[in-house]
Number of protein chains: 2
Amino acid sequence: MSSENRSELVDQLMSAMRNQAGRGLMLHGAVAERFGLNFTDLKCLDLLRSEPELTAGRIAAATGLSTSAVTTVLDRLERRGFVERRRAPEDRRKVVVVPTGRHDAEMQELFAEFGDEVMAILRDYDDERLGFLLEVINRLDGAAREATARITAGNRA
Amino acid sequence: MSSENRSELVDQLMSAMRNQAGRGLMLHGAVAERFGLNFTDLKCLDLLRSEPELTAGRIAAATGLSTSAVTTVLDRLERRGFVERRRAPEDRRKVVVVPTGRHDAEMQELFAEFGDEVMAILRDYDDERLGFLLEVINRLDGAAREATARITAGNRA
DNA sequence: TCGGATATTTCGAAGGATCGGAATATCCGC
DNA sequence: GCGGATATTCCGATCCTTCGAAATATCCGA
C-alpha cells in the first residue's frame, strides 16, 4: 500500500544520501590529490568559503587542530598559492587568511563537465521544483551542521 | 522576471550543494575522529558499502594506494573492529574484506538525532515530492561518479 | 609437477602531520 | 611606559602513513 511505498521510499532516500556523502568524499579526495592537498587542508579551505575574515586562531578552534598545526597548514596552502596571510589592521597580532583565487580557473576547468551535467539535470525541472530542492537541501544542511557540532563536541569530551 | 529568478535559483542551488559537500566533509571528519580513523580509512569503508565482495587488491586499484598501504589500512580497520579478513574460497591468494557490523550500534547512536531530524524533514513532504528528490539525488550522484572517475584518471596521467 | 604469474604481506626507509612548549610580536589596562 | 594577556610562529620530537622491494602463498597452464 501507500505506507508500504512510503517507507520504502524513505529507505531509498536515506541510502541515496549516504551514497552521495561517500561520493562527495571520493570527489574531494580526487580534487585534493590533484592540487597536492590533504583533507585537513580542504577543511580549512572550506571554512574560508563560509567565513571571509578567517584568522588562524579561528581555524584552530573550528578544526580542533593546535595552533602550530594550523601554521603548517597555512604554510602549505600559501606555498601552493591558495591563500595569503595578511595582518589584521586593527589587531596586528592576528593573521587573516585570504583566498587568492589563483586556482579558480583550473578548478573551474576541473569541474566544467560536472557543472554542465548538473546544469543539464536542473534544466529538466521547473522553478517550483528547484525551489523545493533548495529548501530541502538547506534544511538537511542545517541538520548536518548540528550533527557535526554535536559529534565534535562529544569527541572533545 | 522569471528568467531572473531562475538563474538566481540555480546559483543558490549550486552554492547550497557546495556547502553541503563541505559540510559532509566536516561530518565525516568528526565521525572519523570519534572512531580513530582517518579519511583514507573512511574511503575504504565506503567502498565496502558499495562492493560487498571487496578484495584488498580492488581497494588498492580503486583508491590509488599501493598494495602495502592497503595492508596497513586493513590492519587498522581490523584492529578497530570494523572489518575482518577472509580468504576467498575459490582463490585463496585473495583476501576479501568483510564488514563486521561491530560498531553499528554505536554508529546508530551517533547518528540517532541526525536521523530523526532528517526523518522529520522528510515527513513534511508527500510521496510525489520524495520521489522527485530521490530521482534528483540519484542523477546528481551519477554525475559526481563520472566527475570523480575523470579527475582520478587525470591525476594518474 | 614445474615455473611463471598473481595477491597479499612484511620490512626498512622516507616524508608528512601534529603536538607541546618556548619564542616573538602585539595589544590593552593601569 | 610597564606587565600581563593574546595571536601566531618556531622548534624539536613523535607518531602515522605511505612507498618500493623482497618475501610468501597460491593459482594456472604447459
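In the text below, chain A, chain B and the rest are named by the order of the sequence lines, each starting its count at 1. Source: prediction; values computed, not measured.
Ion pairing of B/Asp41 with B/Arg80 is absent here, as no side-chain N (NZ or NE/NH1/NH2) approaches a carboxylate O to less than 4.0 Å. Between B/Arg145 and B/Asp141 there is a salt bridge, since at least one side-chain N of the basic residue sits less than 4.0 Å from a carboxylate O of the acidic one.
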If you apply the rule ring pair (Phe, Tyr, Trp, His ring centres under 6.0 Å), what do you find for A/His103 with A/Phe82, and how did you get there? CA-CA 7 Å; A/His103 292 284; A/Phe82 281 92; 4.2 Å; yes
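Rounded to whole Å, the distance from CZ on A/Arg87 to P on C/dT24 is 15 Å. In this structure, the CG atom of A/Leu54 is 14 Å from the C1' atom of D/dT8, given to the nearest Å. As a whole-Å value, the separation of A/Leu74 CG from D/dC10 P is 11 Å. Atom NZ of B/Lys94 is separated from atom C1' of D/dT24 by 18 Å (rounded to the nearest Å). When the C1' atom of C/dG16 is taken as reference, atom CG of A/Leu37 falls 14 Å away, rounded to whole Å. Here the P atom of nucleotide D/dC15 and the CG atom of A/Leu65 are 19 Å apart, to the nearest Å. As a whole-Å value, the separation of B/Arg79 CZ from D/dT17 P is 8 Å. As rounded to whole Å, 8 Å separates atom P of D/dC16 from atom CZ of B/Arg80.
For B/Arg92, a side-chain nitrogen or oxygen approaches OP1 or OP2 of D/dT26 to under 4.0 Å. Look at A/Arg85 and you won't find any side-chain N or O under 4.0 angstrom from OP1 or OP2 of D/dA7. One finds a side-chain N or O of A/Thr40 lying less than 4.0 angstrom from the OP1 or OP2 phosphate oxygen of C/dT18. Distances shown here put a side-chain N or O of A/Arg76 below 4.0 Å from the OP1 or OP2 atom of C/dA17. Contact check, A/Asn38 against C/dG16: no side-chain N or O comes under 4.0 Å of OP1 or OP2.
Relative to the side chain of A/Asp91, the nucleotides D/dC19, C/dG21, C/dC27 differ in distance, and C/dC27 lies closest. Distances from the side chain of A/Ser66 to the nucleotides C/dG20, D/dT9, C/dT9 place C/dG20 closest.
Residue contacts for A/Arg58: at a heavy-atom cut-off of 4.0 Å it reaches no nucleic acid atom on any strand shown.
Judged by the 6.0 Å and 45° rule, B/Arg129 forms a cation-pi pair with A/Phe132.
For a distance-only test at 3.5 Å, the side chain of B/Arg93 fails to qualify as a donor-acceptor partner of the base of C/dT8.
When each of A/Thr72 and B/Val73 is assigned the nucleotide of DNA chain D bearing its nearest heavy atom, the one mapping closer to the 5' terminus is A/Thr72. In this structure, B/Val70 and A/Val70 both approach DNA chain C, and ranking their closest nucleotides by distance from the 5' end singles out B/Val70. With the nearest nucleotide of DNA chain D identified for both A/Asp75 and B/Gly64, A/Asp75 has the one nearer the 5' end. Residue whose closest nucleotide on DNA chain C sits further toward the 5' end, between A/Ala88 and A/Ala69: A/Ala69.
Taking the side chain as every heavy atom from C-beta outward, B/Arg87 and B/Val95 approach each other to under 4.5 Å. In this structure, the side chains of A/Leu110 and B/Arg150 stay at 4.5 Å or more apart for every pair of heavy atoms.
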